[in-house]
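These notes concern the structure reproduced below.
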Amino acid sequence: MFSRLDIEEQLNCLNGVQKDAVCTTEGPLLILAGAGSGKTRVLTYRIAYLINMGECLPDEILAITFTNKAAEEMKNRLRELLHIPDKLWISTFHAAGARILRSAINNLGYERNFNIIDTQDQLNLIKECLREQNLDFDIYHPRKVLSIISKAKNELEDEVSYEKNARDFFACKVSDVFILYQKKLKESNCLDFDDLLLLTVKLFQEKPELLNYYQNQFRYILVDEYQDTNMAQYVLVKMLAEKYRNLCVVGDDDQSIYQFRGADIRNILEFEKDYPEAKTVKLEENYRSQRNILEAAFHVVKNNSGRKEKRLWTRKSDGEKVYYFCGRDEREEARFVVDEIKSNQDKFENFAVLYRTNAQSRVLEEILVRENIPYSLYGGIRFYERMEIKDILAYLKLVDNLNDNISLKRIINVPRRGIGKKTMEKLENYALSEGITLFKALQESEKAGISAGIRKKIDEFYHCINNFYNMGEFLSVQELVEKIIEDTGYLDALEAEGTFEARSRMENIKEFVSAAQEFDVSGEGKSLTYFLTEVSLVSSMEVIGETEEDKRVFCMTLHAAKGLEFSVVFIIGLEETLFPHSFSLENPEDLDEERRLFYVGCTRAMNRLYLTHARERSFYGRRTSNLSSRFLEEIPEELIGFASGDKDKEWGKREGAEPLLKKEDTERFLENESWSVGDNVYHKKWGNGIIKKTGVSGEDQVLTVQFPEVGTKVIMATYAPLKKV
DNA sequence: CACTGATATATTTTT
DNA sequence: TATATCAGTG
């Protein structure tokens, strides 16, 4: 424990406003924290202050972050400030909801060992419901229906109240799907992400004594990224904070970038209306970026309507201008980026390349590989979303929760057991008519009218799962996983496949086993249920590619970059229809969100910012040429410098998007695509190989490549996912 | 029931 | 481009 003097000393590293934000512990407090204004620092110090001043005990604080990563980071920082870290409730809304529901969801007719399904499973379930309702996918687009349902849930509308409000024909049909979807979830004892919030609120509504319990426990509540909360989260906070009203929310309306997901910016704009006694603190001093960068970002975001008036300032100098580059196509753009990184004598880890869509990373990656630059790619397919991992998880989920029809259906024929569509139909019908779970129905497959041969297979599967279930108690998660991949023949099946892909799957499974082991060691006898919860909620942005410790260039979407900072930032693909994205062009509100996204991107940069675009790029197979992004035009000309060194070119006229590079410059970036016999190459599907022969067919270069794993293949160099090693 | 190849189709961001 | 779905065959 610190003495009062220690605390004051600790607070000396904060500025006056920050100190104010930390020390105003009682009553509602709104902290408007601009980008780079030391927000995280304020939050962690506030928590440390509360505890060290003896205002409350660690478990009386609830701190909500937007991502698991942010929660982790906050915990780590607090570990340095406090000696008693682990009792704090620091988590995302969803994790907090899951934790509460784990102890009390039986009040809502679910069991405590519920499973959490991810977006993919959600979509499959929606499709299943649509099929059962005989609804045409072309009219009732599954993704669309899912997003309607998800949106409803985030606005605390469950299937019952949605049905009441459904007015037109379409909504009525959606309502039917909603009801069926929810029924299936409940039968399987599964929750989706939205349920974690919706059901927590419901629980509190139906069991006031429970709400009361938590209200008493959480004397101090902090919510980070408040601008990105949705209605369900807003209500949840409001309920919990009602008793003590010691609610501190931190946010920046200019950085609200999740409205597409139901975040409601009004939550922050109207905080003062909800809590009239609230105090507001503005953190406007930016400690991160040089002035030019800040100015450029400001001049873009100021065009948004309905923002809270504010302007960041910095003590730093103007710094360099914002660099601009226009490439001929996306490869030239990528080559420019890589070239700049190489010619700067800076460390790789100081660079970040940000883009609007994950698809843009491919070209970039290609060039980075070719130029031998270590990099990390964030996003894309996440570890726990890989097919093989989801399969193993489905086994675990089923073992942990035998009601889970969703998981059962996923793995009953994985690896192949000869239990196909027809058989499943019979089983499902039987289960439905008897009102039992699918797992139960397996036991009675004879009554379901299934022939003896297949029945044998079903029995085998049943006993296999049953065996896991019975042993589950005595085994660690790692042991259970190992037993599953052995006994089900999952590994054998992969082995038998013998392809490069199968081998990489086995690698991933190995990695999963060690993740399970890690859990067993650190989790101190925590249950399988706990493991599954953790895995379901952790996004764990995966790091793909060369992982030379931390010395690598970071590539990620603009969304993923929120909360991070880098010395040098590239924002690429600044073109109309890409950024701003085409889906946002019709609606001014969506356009504002794109603009905020741009703002977030710019303010990640400390010392240097590059903005690039390409005049032509292939979109989804098709070549398209785009106008340069309107965001570029919104930046005052005097803040812009030309990366190509050509200062005479006119800036920002979209009509006149003539080459901004001189021809010689352009040629510098032109690709020297040469393949020769003997080159070692890497193919996405077939792995490493060696070029045996080169030739030309029409306009395309044809390569004959020998792959040790799969034999010799003839490949079109222009199209194949091929890289030099 | 499993596999193949052809065709269509949509293509953002994440807990 | 990458994936999903479908029809046809083994």
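Throughout, a chain's letter reflects where its sequence line sits, starting with A, and its residues are numbered from 1. All values below were derived from every heavy atom in this structure, side-chain atoms included, with hydrogens, water molecules and symmetry-related copies excluded.
- Thr119(A) comes within 4.0 angstrom of a base, heavy atoms only.
- Side-chain atoms of Ser536(A) stay outside donor-acceptor range of the base of dT15(B), with no qualifying N/O pair under 3.5 Å.
- For Arg417(A) and Glu460(A), the salt-bridge test fails: no basic side-chain N is under 4.0 Å from an acidic carboxylate O.
- Between Met387(A) atom CE and dA2(C) atom P there is a gap of 16 Å when expressed in whole angstrom units.
- Here Phe260(A) counts as stacked on dT13(B): its ring centre is under 5.5 angstrom from the base ring centre and the planes meet at under 30°.
- Across all strands, Arg143(A) comes closer than 4.0 Å only to sugar-phosphate atoms, never to a base (heavy-atom distances).
- For Ala560(A), the side-chain atoms get nearest to dT14(B) when compared with the rest of dT14(B), dT13(B), dT15(B).
- Side-chain atoms of Lys127(A) lie closest to dA4(C) of the nucleotides dT13(B), dT15(B), dA4(C).
- Both His141(A) and Asp194(A) lie close to DNA chain B; mapped to their nearest nucleotides by heavy-atom distance, the more 5′-ward contact belongs to His141(A).
- dT9(C): Watson-Crick or G-U partner is dA2(B), with both key distances under 3.5 Å.
- Between Asp138(A) atom CG and dT5(C) atom P there is a gap of 12 Å when expressed in whole angstrom units.
- For the C1' atoms, the distance linking dT13(B) with dA4(C) amounts to 22 Å, nearest Å.
- Look at CZ on Phe619(A): it is 16 Å from P on dA10(B), rounded to the nearest Å.
- Candidate nucleotides dT14(B), dT15(B), dT11(B) were compared by shortest atom distance to the side chain of Tyr258(A), and dT14(B) ranks first.
- Each of dT12(B), dT13(B), dT15(B) was ranked by its minimum atom distance to the side chain of Phe193(A); first place goes to dT15(B).
- Side-chain proximity of Lys422(A) to dC1(B), dT12(B), dC3(B): nearest is dC1(B).
- Side chain of His94(A), nearest nucleotide from dT11(B), dT15(B), dA2(B): dT15(B).
- Looking at Arg362(A), its side chain has no donor and acceptor atom pair within 3.5 Å of the base of dT1(C).
- Taking the charged nitrogens against the carboxylate oxygens, Glu593(A) and Arg596(A) do have a contact shorter than 4.0 Å, which makes a salt bridge.
- Per the geometry, CZ belonging to Phe383(A) stands 19 Å off P belonging to dT14(B), to the nearest Å.
- At a threshold of 4.0 Å, the pair Lys153(A)-Asp192(A) counts as salt-bridged, since one of the basic side-chain nitrogens sits closer than that to a carboxylate oxygen.
- To the nearest angstrom, P of dT13(B) lies 19 Å from CD of Glu225(A).
- You'll find that the side chain of Asn68(A) is closest to dT15(B), out of dT11(B), dT15(B), dC1(B).
- Checked for salt-bridge contact, Lys75(A) and Glu72(A) meet the test: a charged N lies under 4.0 Å from a carboxylate O.
- Within 6.0 Å of NZ in Lys426(A) there are more than 12 heavy atoms belonging to other residues, nucleotides or ligands.
- For the side-chain hydrogen bond (donor to acceptor under 3.5 Å, both in side chains) test with Glu575(A), the passing option among His581(A), Arg617(A), Arg356(A) is Arg617(A); the others fail.
- Judged by distance alone, with hydrogens and angles left aside, Arg261(A) brings a side-chain donor or acceptor within reach of the base of dT14(B), the pair sitting under 3.5 Å.
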